Amino acid sequence: MVLWERRSFDSQRISNPEHAQAYLAKPFDSAPQRRRGGAVVVHHRRRRILDLGTGDGRLLALLHAHCPDAALIGVDFSVTMLDAAGRFAGDERVSILEHDLNYPLPAIGPLDAVVSSFAIHHCPDERKRSLYAEIYDLLTPGGVFCNLEHVASPTPALHARFLDELGADEADEDRSNILLDVFTQLDWLRAIGFDDVDCYWKWLELALFGGVCASPGIGH
């Protein structure tokens with residue numbers, strides 16, 4: 001079931017059709033580092049799952065296969081991405097909402113899990129933190145948040161190594177990236193109230209981190 005709900009857009013980011021098409025053309029699913037991170041995400045089998053920045057629905061498709069009883073919700077703000085997520089048209093288990101993560105999340109709780117894959121790093125740092133608090137408020141007690149993310153390297157040398165490992169250079173970098181180190185983000189999650197906060201997997205600037213909702217948030 002694909003639901004098209006109009007939300008505000010940030011025209012500076014991946015709403016640009018050419019940018020979105022270039023992203024979709026990247027062979028992410030063939031990258032071993034991405035596959036390893038995604039495999040950790042889908043181990044969290046829950047009944048109602050929200051995917052933030054769903055893109056063309058790659059992560060939703062993994063969750064669809066590994067969580068056969070789950071109701072899945074994907075949000076994105078790029079029309080190009082949402083068109084690509086049309087693969088779920090007619091599927092009663094899947095709802096797609098058009099929404100910009102720079103704005104407060106819609107009231108779609110309670111949720112058993114919130115996941116995201118390489119999306120939140122496009123938000124300004126202050127929005128990252130407020131978004132994490134909104135996620136906490138949408139989760140049921142014991143609900144999990146897993147963010148597979150592009151994070152900042154602690155030193156320029158390590159950033160250069162990351163680019164070199166990808167066969168890239170500074171000219172290839174996405175200028176819409178607003179990267180932040182994983183340690184600051186883990187501290188934010190703890191301060192918000194998440195339990196069992198950890199970085200579950202990391203390879204240079206790619207990291208999977210999150211936590212567990214300790215008690216009902218204000219959205220319940």
Side-chain angles (χ1 to χ4, degrees), residues 1-5 7 10 13-15 20 23-24 26 28-29 34-123 127-128 131-140 143-150 185 189 194 200-201 206-213 219:
M1 177 173 59
V2 180
L3 305 177
W4 303 106
E5 179 178 336
R7 296 282 177 176
D10 179 355
R13 290 167 42 221
I14 208 167
S15 57
Y23 179 89
L24 292 174
K26 293 178 181 179
F28 283 129
D29 292 331
R34 184 182 177 107
R35 288 202 308 271
R36 292 184 195 117
V40 178
V41 172
V42 299
H43 279 306
H44 292 281
R45 300 189 178 190
R46 302 288 170 151
R47 298 300 297 269
R48 195 161 188 266
I49 304 173
L50 171 65
D51 178 20
L52 298 175
T54 197
D56 66 344
R58 286 182 177 123
L59 183 54
L60 275 185
L62 284 172
L63 293 165
H64 194 281
H66 287 80
C67 308
D69 299 324
L72 306 172
I73 306 166
V75 301
D76 207 297
F77 73 108
S78 163
V79 173
T80 304
M81 292 295 190
L82 293 169
D83 286 345
R87 69 171 85 182
F88 300 109
D91 191 325
E92 293 297 320
R93 289 178 53 204
V94 181
S95 300
I96 304 294
L97 306 181
E98 189 175 319
H99 178 77
D100 186 340
L101 296 182
N102 279 316
Y103 294 86
L105 293 175
I108 51 179
L111 300 162
D112 298 302
V114 176
V115 300
S116 187
S117 177
F118 302 110
I120 296 174
H121 70 276
H122 291 296
C123 296
R127 177 55 189 152
K128 291 183 182 75
L131 178 59
Y132 295 157
E134 291 170 19
I135 290 167
Y136 187 90
D137 289 339
L138 291 175
L139 287 169
T140 59
V144 299
F145 170 49
C146 290
N147 187 17
L148 181 59
E149 188 60 293
H150 189 177
Q185 296 181 77
L189 295 182
F194 282 95
Y200 309 118
W201 171 88
L206 308 184
L208 174 67
F209 61 92
V212 178
C213 180

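What you see is a predicted model; the values in this text were computed from it and never measured.
- When all heavy atoms of D69 and R93 are compared, the closest pair comes out as N-NH2, 4.3 Å.
- Note: N147 CG to Q185 CD = 7.0 Å, rounded to the nearest 0.5 Å.
- Among residues two or more places apart in sequence or in another chain, the ring-ring contact (aromatic ring centres under 6.0 Å, His included) test is passed with F209 by none.
- Between the CG atom of D112 and the CG atom of L138 there is a distance of 12.0 Å, given to the nearest 0.5 Å.
- Using a 4.5 Å cut-off on side-chain heavy atoms (C-beta onward), F118 and L59 make no contact.
- Screening I73, V94, L60, V75 against D51 for a side-chain contact (heavy atoms from CB on, under 4.5 Å) leaves a single residue, L60.
- Interatomic distance, L148 CG to L206 CG, rounded to the nearest 0.5 Å: 7.5 Å.
- The nearest pair of heavy atoms linking R48 to L111 is NH1-CD2, 3.4 Å.
- Here the side chains of H99 and P106 are in contact, with some heavy-atom distance below 4.5 Å.
- Between Y132 and F145, the ring planes are tilted. Angles from 30° to 60° get that label.
- Of the candidates L189, L50, V114, V114 is the only one forming a side-chain contact (heavy atoms from CB on, under 4.5 Å) with I135.
- Note that the CG atom of L131 and the OG atom of S116 stand 8.0 Å from one another [nearest 0.5 Å].
- H121 pairs by the ring-ring contact (aromatic ring centres under 6.0 Å, His included) definition with H150, not counting sequence neighbours.
- In terms of heavy atoms, L101 sits closest to A119 at CD1-CB, 4.4 Å.
- Taken from OG1 in T140 to CZ in R47, the straight-line distance is 12.0 Å, to the nearest 0.5 Å.
- Across Y200 and C146, no two heavy atoms sit closer than the pair CE1-SG, 4.5 Å.
- In this structure, L72 CG and L63 CG are separated by 6.0 Å, a value rounded to the nearest 0.5 Å.
- Residues T54 and D76 approach most closely at N-OD2, 3.4 Å, considering heavy atoms.
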